[in-house]
Amino acid sequence: MIRQELLCQVRGAESGYSQSQNSREGEKAVSEMNKRWVLASRPEGAPSMENFRFEEAARPQAGEGEVACRTLYLSLDPYMRGRMSAAKSYAAPVAIGEVMTAGTVGVVEESKASGLEPGDVVVAMGGWQSHWTASAKAVKKVNPDAAPLSTRLGILGMPGQTAYCGLMEIGKPKAGETLVVAAASGAVGSVVGQLAKKKGLRAVGVAGGPEKCRVVTEEFGFDACVDHRSPDLDAELAAACPDGIDVYFENVSGRVFTAVFPLLNDFARIPVCGIISHYNDTSLPEGPDRVPALMGAILRKRLTFRGFIVWDLSHLHAEADRNLETWVADGSLSYREDMVEGLEQAPEAFMGLLQGKNLGKLVVHVSDR
Ligand code: NDP
């Protein structure tokens, strides 16, 4: 259904994709091209299909020291909303007409780099496209038999590292404490809560809707999960945290942070990982000036807020990879994937991510190995 809707929208955009649907010859021609989504315009508020354009281009060839790869899986992540904007941030924006940025798992089809052969499976920033090239230094070769390949974009990839490193370095979890994390059924949040449980904390999730809350407690083993759409969010979160909150892993901000804030204990740690509820904002909300209350609490309760980007904590990446791989293999860490079929669905799926439509790590299956 979604696929059909998307095809209609792509046709409406007069993309090369739609022009090749009617003949076998056309399909063959498409398969030999690089299919890609580029940024057509910058969104004001929530992104829409008009901000993306589907294109076909010649497949890129490997230069000296490079590999040419075909995408197997494409990762869709909240940070991409920031790259669509020209606002100053920690990374440069995607330029208009440029391929949308993304982590990918790919198979090497051509290699002019020592140590990499056709057939090798690699992880790299391939972007929203079916074929790409990268220098050997920019790809990470993975053992295709160690774990399902798509997990390299989730629990065994950047989101898993984010959860592990942010929690251990900034959250400093201690047995007996209480941790709260929002977007708790998602790629980062689900790992944060499970790691907290492993460390002996009480783990409380916040998620959107009863089904997500069920998954968080029943599949990920959190002690409790509260629905952020509930009109009684403040009271329900307080009831789920009878001893207050020692670690709040911030993924969302907004209403969830407002509910968390009065429950923070003295010396609480707040790794600020993401603020997804604000990514589509175009201005600051109206309302009372909360700065005095926030600064007063930081002082009185001696709170530690620290923002981080996963690459800031690279000294912990090897430890994170080792532990996460071990715990996924022995079954003591669970994960969920929300797998979308076909590159053409990427914009629709990405827009859904910003509305909470995904359940688990959002991945696009682009081609088979
Ligand atoms: P998820 O898989 O958790 O998907 C995003 C989820 O965010 C949605 O499913 C939804 O869950 C929630 N959400 C979306 N919009 C809102 C909203 N308006 N209010 C409340 N919740 C909302 O994504 P990730 O795990 O990949 O990312 C989680 C956070 O971590 C993001 O903020 C992201 O930017 C950040 N991040 C930061 C990194 C860093 O280096 N600092 C690296 C990776 C991620 P629900 O329906 O449950 O609310």
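Order of appearance sets the numbers: ligands from 1, and atoms from 1 within every ligand. Along the sequence shown, residues carry numbers from 1.
- Residue-level contacts of ligand 1 at the 4.0 Å heavy-atom threshold are Pro78, Met158, Thr162, Ala183, Gly186, Ala187, Val188, Ala207, Gly208, Lys212, His228, Asn251, Val252, Cys273, Gly274, Ile275, Ile276, Ser277, Tyr279, Phe308, Ile309, Val310, Leu353, Leu354, Gly356, Asn358, Gly360.
- Side-chain atoms of Asp232 and Ser230 include no donor-acceptor pair closer than 3.5 Å.
- Judged by distance alone, the side chain of Trp37 and the main-chain N or O of Leu343 form a donor-acceptor pair under 3.5 Å.
- Using the six-membered ring where Trp is involved, Trp128 and Phe350 have ring planes that are perpendicular, over 60° apart on the 30 and 60° scheme.
- Here the side chain of Lys212 pairs a donor or acceptor atom with the backbone of Gly356 at under 3.5 angstrom.
- If you look at Tyr90 and Trp311, their ring centroids are closer than 6.0 Å.
- In this structure, a donor-acceptor pair under 3.5 Å is present between the side chains of Ser75 and Lys361.
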